[in-house]
Amino acid sequence: MPEVKLVGIGKRYGSVVAVNSVDLTVHDKEYVTILGPSGCGKTTLIRMIAGIIEPSQGKVLIDGRDMTGVPIEDRDIGYVFQNIALFPHLTVENNVSYGPRAKDRPPEEQASVSRRFLDMVKLLDKMQMFPGELCGGEQQKASLARALASGSKLLLLDEPLSALDSRVRVDLRYELRRLAKELGLTTIHVTHDQEEAQSVSDRIVLMRAGAVVETGSPEELYTRPKNIFTANFIGETNLLEGWVEEIRDGMSIIELRNGGKVQVNQTDQPLGDAVVISVRPEFVFPTDEGMKARVTHVTYMGTYWRVTATTEDEEDVGFDVATFDSNLLTIGKELYLAVNPKAAVLYPRPENGVEEAIKLE
Ligand code: ATP
């Protein structure tokens with residue numbers, strides 16, 4: 001049931017604007033991540049939804065009910081927040097069964113719910129321990145089990161996986177999404193990790209400097225980002241500057257600053273205008289003509305190699321080659337690079353330059 005609606009919500013600390021008038025609706029059973037660089041206002045935003053931080057402006061509606069003045073314990077939410085600890089005097093089991101106990105559920109239900117969620121996060125063998133006896137990652141898992149066991153249909157997570165090592169983090173990502181979907185939860189998950197956001201979300205809300213830059217499915221934000229900041233923040237990309245030399249047959253021909261020419265299947269930028277092309281490394285490939293470049297770095301990525309080549313204009317272009325393409329892996333090798341026209345995206349050149357447009361503030 002829970003739908004969360006933020007209406008012009010904002011928070012100021014003196015002259016610092018932590019969050020600047022955000023409007024957002026998170027639908028029932030939707031899994032939304034709030035993603036953005038450090039200091040962009042993610043934690044402030046989720047804490048306003050929880051009722052831990054009082055907004056300076058705007059309001060939070062949960063199922064249409066104005067939450068102004070309603071404390072966290074009366075908002076019926078499950079939450080995992082970075083510095084909201086487990087109860088230190090309760091065992092792990094009693095921490096996890098806290099929600100059902102507070103709701104006066106029968107003791108057998110409290111025990112079975114607690115076991116179910118401790119089993120899910122693989123902490124059954126530590127259920128009689130106290131939080132102080134667990135390592136950071138285990139505490140985080142116990143907090144997650146407690147939030148899930150609360151029975152609330154709205155789950156708020158602030159960096160819930162950050163204290164875990166990378167292998168467990170990846171496993172738990174899938175678990176988190178699976179559980180949220182299985183239990184029919186509305187989930188709002190804050191992270192600065194774009195891979196985590198991509199792998200768990202129905203929709204990503206990308207923030208920068210207190211404001212929402214763009215929202216969309218992980219695929220939309222990766223393949224057709226509307227904003228150049230998004231293109232750079234989500235995944236890796238090459239940003240190549242040039243201008244529109246010609247428009248024909250549903251294509252724009254872009255003359256690059258670095259001397260090459262690139263075709264892009266997009267025609268909404270006016271002829272002669274300065275533009276920026278965003279193209280992911282997997283859509284740049286060596287060919288017989290195109291941008292002239294020289295290989296400067298080669299990095300082994302597991303199933304492929306990431307090659308960086310510098311163009312005549314000293315611009316670095318990264319591209320990926322399969323491991324068997326070893327003839328491209330020689331430093332100093334000269335080659336020509338082309339771009340898949342369907343996979344490149346064109347933007348008007350930002351007024352204050354590309355650096356400013358992609359800067360993490
Ligand atoms: P991180 O990923 O590093 O936790 P974040 O995106 O969650 O960052 P917030 O913690 O929401 O960012 O902070 C947003 C901005 O508000 C930052 O510039 C921060 O310094 C400022 N800020 C947050 N809390 C306070 C406070 N209590 N007093 C003053 N400024 C604050």
Side-chain angles (χ1 to χ4, degrees), residues 4-24 26 31-60 62 67-69 71-72 75 77-85 136-137 139-140 143-144 147 154-166 169-170 172-173 176 187-201 203-216 218 221 225 227-235 356-361:
V4 178
K5 191 165 185 188
L6 309 181
V7 187
I9 195 137
K11 181 71 184 176
R12 282 176 172 275
Y13 294 101
S15 62
V16 175
V17 180
V19 172
N20 187 13
S21 193
V22 167
D23 292 300
L24 176 72
V26 178
Y31 198 124
V32 165
T33 46
I34 299 173
L35 174 69
S38 185
C40 72
K42 311 178 290 292
T43 293
T44 306
L45 188 68
I46 200 165
R47 286 179 171 240
M48 288 194 285
I49 300 171
I52 304 168
I53 292 178
E54 193 66 32
S56 317
Q57 63 169 81
K59 52 190 172 183
V60 176
I62 299 181
M67 289 287 130
T68 308
I72 184 165
R75 294 194 180 194
I77 53 174
Y79 55 87
V80 179
F81 286 153
Q82 278 170 321
N83 56 358
I84 295 185
Q139 289 184 18
Q140 219 164 17
S143 300
L144 189 57
L154 175 57
L155 184 62
L156 303 182
L157 307 166
D158 189 1
E159 302 277 5
L161 308 177
S162 61
L164 304 169
D165 58 49
S166 66
R169 202 160 64 215
V170 169
L172 221 55
R173 272 182 205 164
L176 256 186
T187 310
I188 305 177
H189 172 152
V190 160
T191 180
H192 66 278
D193 178 340
Q194 50 96 6
E195 249 183 57
E196 185 173 305
Q198 274 176 307
S199 59
V200 295
S201 317
R203 193 154 57 105
I204 296 174
V205 174
L206 181 63
M207 287 184 73
R208 181 197 197 196
V212 173
V213 175
E214 187 169 348
T215 68
L221 295 201
N227 193 290
I228 202 166
F229 178 80
T230 315
N232 186 63
F233 191 81
I234 296 197
E356 197 60 29
I358 63 173
K359 201 164 80 184
L360 307 178
E361 300 182 50

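Hydrogens, waters and symmetry mates are skipped; everything else that's a heavy atom, side chains included, is used. Each ligand, and each atom within it, is numbered from 1 in the order the structure gives.
From His192, atom NE2 reaches atom OG1 of Thr33 across 13.0 Å, with rounding to the nearest 0.5 Å. Of the inter-residue distances, the one linking Leu161 atom CG with Asp193 atom CG reads 8.5 Å to the nearest 0.5 angstrom.
Thr43 meets the side chain to side chain donor-acceptor pair (under 3.5 Å) test with Asp158; sequence neighbours excluded. Taking Arg208 as the reference, Glu361 meet the salt bridge (charged side-chain N to carboxylate O under 4.0 Å, His left out) condition, with sequence neighbours excluded.
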Distances under 3.5 Å, N/O of ligand 1 against N/O of the protein: list each pair and its distance.
unit_1   : atom_1 : unit_2 : atom_2 : d
ligand 1 : 2 (O)  : Lys42  : NZ     : 2.8
ligand 1 : 3 (O)  : Ser38  : OG     : 2.5
ligand 1 : 6 (O)  : Gly39  : N      : 3.4
ligand 1 : 6 (O)  : Cys40  : N      : 3.1
ligand 1 : 6 (O)  : Gly41  : N      : 3.0
ligand 1 : 6 (O)  : Lys42  : N      : 3.1
ligand 1 : 6 (O)  : Lys42  : NZ     : 3.0
ligand 1 : 7 (O)  : Thr43  : N      : 2.9
ligand 1 : 7 (O)  : Thr43  : OG1    : 2.8
ligand 1 : 8 (O)  : Gly39  : N      : 2.8
ligand 1 : 11 (O) : Thr44  : N      : 2.9
ligand 1 : 11 (O) : Thr44  : OG1    : 2.5
ligand 1 : 12 (O) : Gly41  : N      : 3.3

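Annotation: ring-ring contact (aromatic ring centres under 6.0 Å, His included) contacts involving residues 31-52, sequence neighbours excluded, comprise Tyr31-His189.
Under the 4.5 Å side-chain criterion, counting only non-hydrogen atoms from C-beta, Phe81 is in contact with Arg47.
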